[in-house]
Amino acid sequence: MSADSLQAPAPLSFERQPHPAPTSDADRAAVLASPGFGKHFTDHMAHAVWTADGGWGQARVEPYGPLQLDPSAAVLHYAQEIFEGMKAYRWADGSVWTFRPQANAARFARSARRLALPELPEADFIASLEALVAADEAWVPTGGETSLYLRPFMFASEAFLGVRPAAKVDYLVIASPAGAYFTSGPRPVKLLVSRTYTRAAAGGTGAAKCGGNYAASLLAQQEAYAAGCDQVVFLDAAEQRWVEELGGMNVFLVTADGRLLTPELTGSILEGVTRDSILEIARDMGLEPVEQRIALDDWLSMVASGEVTEAFACGTAAVVTPIGSFVDGGGTKPAAAETEVAGKVTEAVRATLLDVQYGRAEDRRGWMHRLV
Ligand SMILES: *Cc1c(COP(=O)(O)O)cnc(C)c1O
């Protein structure tokens, strides 16, 4: 084996193929005035292709638009797909930053491994974000808690119905301007305790960020809406006793004696970057972070005894969302001392993260990465 073949391949260079007819300034301004979430997309997308023979290549930033897929593309049949969710934040000085992209790159690689997809090196993952946001910088909103949501994803595009890992895979990043998640401050959510469905089991794909996990959660989510709830809280599959997480957010409890509890990672919980960041900043805020199994029954009795004062869910999209109550069986039960307003610790955790993300507080851990 020659020395050359042992060296890492050169990082991908995402060449820009400019959109021939980009959105007009007026039309873009109209979108940015009221972006909502996930409804509007920028003019470009980053794209690269992997083949079993050639590895990663064909990297470019190209006009946003429909993909051509063979009807036998493996993803359409066997759901070999993974994704990430991140944000680009505009700071007051006009610069644009993202939060802990190395953590998302590492998780994307772990998800890829679990779904038998090729790993995209961290440098290429970050290069794709930089190239796309450089091309579509004008789409990063300004002011409030707005952002440009970034959605990297990878899927099996090989035209083949045999059941094995695909030999051709596409990687893309699309971007969507996002308004403030809460228009009038965080409002506590009501959770349906699903006794019918689970999200993940030991040995399954719960720790991977894959579309299939979401597909399997939609029916439970529909039942939550029908029961007047906002979200589902999933329990462990084996005993239906331990709190795992919501469909797309991790869970924290705040205790009267200053502990910040979150379910420990058992292999069926998705390791959120927001979760990890909150565990890291807890001590700065005078809280003791504790990762442990949390039984739903204990949560309820700790609310009744006054031991649990606040509860919240966290994830990139909403950052931190207070949890107010549960619907379980017929009845509604409090999930925290206050069910209608966010608690003080919840608000402080939320503000601490947002201040770093928007450049209003010192970034002591080197979490922010400049894109533009
Ligand atoms: C993405 C996701 C989260 C939150 O992860 P962040 O990295 O904090 O955005 C939590 N749970 C599930 C199931 C997820 O898919």
Side-chain angles (χ1 to χ4, degrees), residues 37-38 79 81-89 98-112 114-115 122 125 129 145 147-154 173 176 178 181 189 191 194 197-201 204-221 224 230-237 242-252 260 262-282 289 291 294 311-321 323 346 349-350 352-354 356-357 365 367-369:
F37 182 80
E81 188 267 357
I82 58 169
F83 66 97
E84 274 300 321
M86 313 171 66
K87 285 174 171 175
Y89 309 89
T98 194
F99 183 70
R100 303 188 68 187
Q102 299 85 357
N104 292 90
R107 184 172 66 191
F108 199 52
R110 291 197 301 274
S111 298
R114 180 63 185 85
L115 275 286
E122 176 189 298
F125 181 87
L129 307 175
E145 280 173 29
S147 62
L148 184 65
Y149 184 79
L150 303 174
R151 168 54 61 85
F153 60 106
M154 188 193 290
V173 189
S176 174
Y181 200 88
V189 290
L191 303 180
S194 185
Y197 305 108
T198 59
R199 199 191 78 88
T205 57
K209 209 168 173 74
C210 62
N213 289 343
Y214 279 72
S217 75
L218 296 177
L219 187 57
Q221 180 63 40
D230 305 281
Q231 296 263 329
V232 180
V233 58
F234 289 101
L235 304 178
D236 75 289
W242 308 102
V243 174
E244 299 226 306
E245 58 172 316
L246 313 192
M249 282 192 271
N250 297 116
V251 168
F252 277 91
L260 198 51
T262 193
E264 69 183 11
L265 301 173
T266 52
S268 52
I269 293 177
L270 196 283
E271 185 173 359
V273 176
T274 318
R275 173 188 181 280
D276 184 71
S277 305
I278 291 171
L279 288 171
E280 283 213 33
I281 62 174
E291 295 176 80
I294 298 173
F312 62 85
C314 67
T316 297
V319 192
V320 165
T321 305
I323 299 172
T346 302
V349 168
R350 179 180 167 75
T352 302
L353 280 179
L354 286 169
V356 172
Q357 290 169 338
R365 293 178 172 80
W367 279 347
M368 302 310 296
H369 178 94

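We're numbering straight along the sequence, starting at 1. Whatever order the structure lists them in is the order used to number ligands and atoms, beginning at 1. Values below: every heavy atom of this structure, side chains too, minus hydrogens, waters and symmetry copies.
Considering only heavy atoms from C-beta on, Ile278 stays 4.5 Å or farther from Thr262 through its side chain. Within the 4.5 Å cutoff, no side-chain heavy atoms of Asp236 are placed close to those of Thr266. Taking 4.5 Å as the limit, some side-chain heavy atom of Tyr89 sits within range of a side-chain heavy atom of Met368. No side-chain heavy atom of Arg275 sits under 4.5 Å from any side-chain heavy atom of Leu270.
Looking at residues two or more places apart in sequence or on another chain, you find a ring pair (Phe, Tyr, Trp, His ring centres under 6.0 Å) between Phe108 and Phe125, Tyr171.
Atom 3 (C) of ligand 1 has its closest protein heavy atom at Gly248 O, 3.3 Å. Scanning the protein heavy atoms around atom 5 (O) of ligand 1, the nearest turns out to be Gly272 CA, 3.3 Å. Nearest protein heavy-atom contact of atom 14 (C) of ligand 1 is Lys209 NZ, 3.0 Å. From the protein, the heavy atom lying nearest to atom 11 (N) of ligand 1 is Glu245 OE1, 2.5 Å. The nearest heavy-atom contact from the protein to atom 8 (O) of ligand 1 is Thr274 OG1, 2.6 Å.
Nearest heavy atoms, Cys314 versus Thr274: CB-CG2, 3.8 Å.
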- Passes salt bridge (Lys or Arg N to Asp or Glu O under 4.0 Å), Arg107 versus Glu271? Steps please. CA-CA 8 Å; Arg107 184 172 66 191; Glu271 185 173 359; over 6 Å; no

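On a distance-only criterion, Thr316 and ligand 1 share at least one N/O pair closer than 3.5 Å. At least one N/O-N/O distance between Tyr214 and ligand 1 falls below 3.5 Å. Close N/O approach between Asn104 and ligand 1 is not found [any backbone or side-chain N/O within under 3.5 Å]. Checked by distance only, ligand 1 and Val273 come closer than 3.5 Å through their nitrogen or oxygen atoms. Between Glu271 and ligand 1, not a single N/O pair is under 3.5 Å apart.
Ion pairing between Lys87 and Glu145 fails under the 4.0 Å rule for side-chain N and carboxylate O. A salt bridge links Arg199 with Glu245: the closest approach of a Lys/Arg side-chain nitrogen to an acidic carboxylate oxygen falls below 4.0 angstrom.
Residue contacts with ligand 1 do not include Glu84, since none of its heavy atoms lies under 4.0 Å from the ligand. Assignment of Gly247 to the shell around ligand 1 is supported, since a heavy atom sits closer than 4.0 Å.
A donor-acceptor pair is defined here as one N or O able to donate and one able to accept, closer than 3.5 Å; no such pair exists between the side chain of Arg114 and the backbone of Cys210.
Counting atoms of ligand 1 from 1 in the listed order, those under 4.0 Å from a heavy atom of Arg107 are 5 (O), 6 (P), 7 (O). Residue contact check: Arg199 has heavy atoms under 4.0 Å from atoms 13 (C) of ligand 1.
Heavy atoms of Met249 found under 4.0 angstrom from ligand 1 belong exclusively to the backbone.
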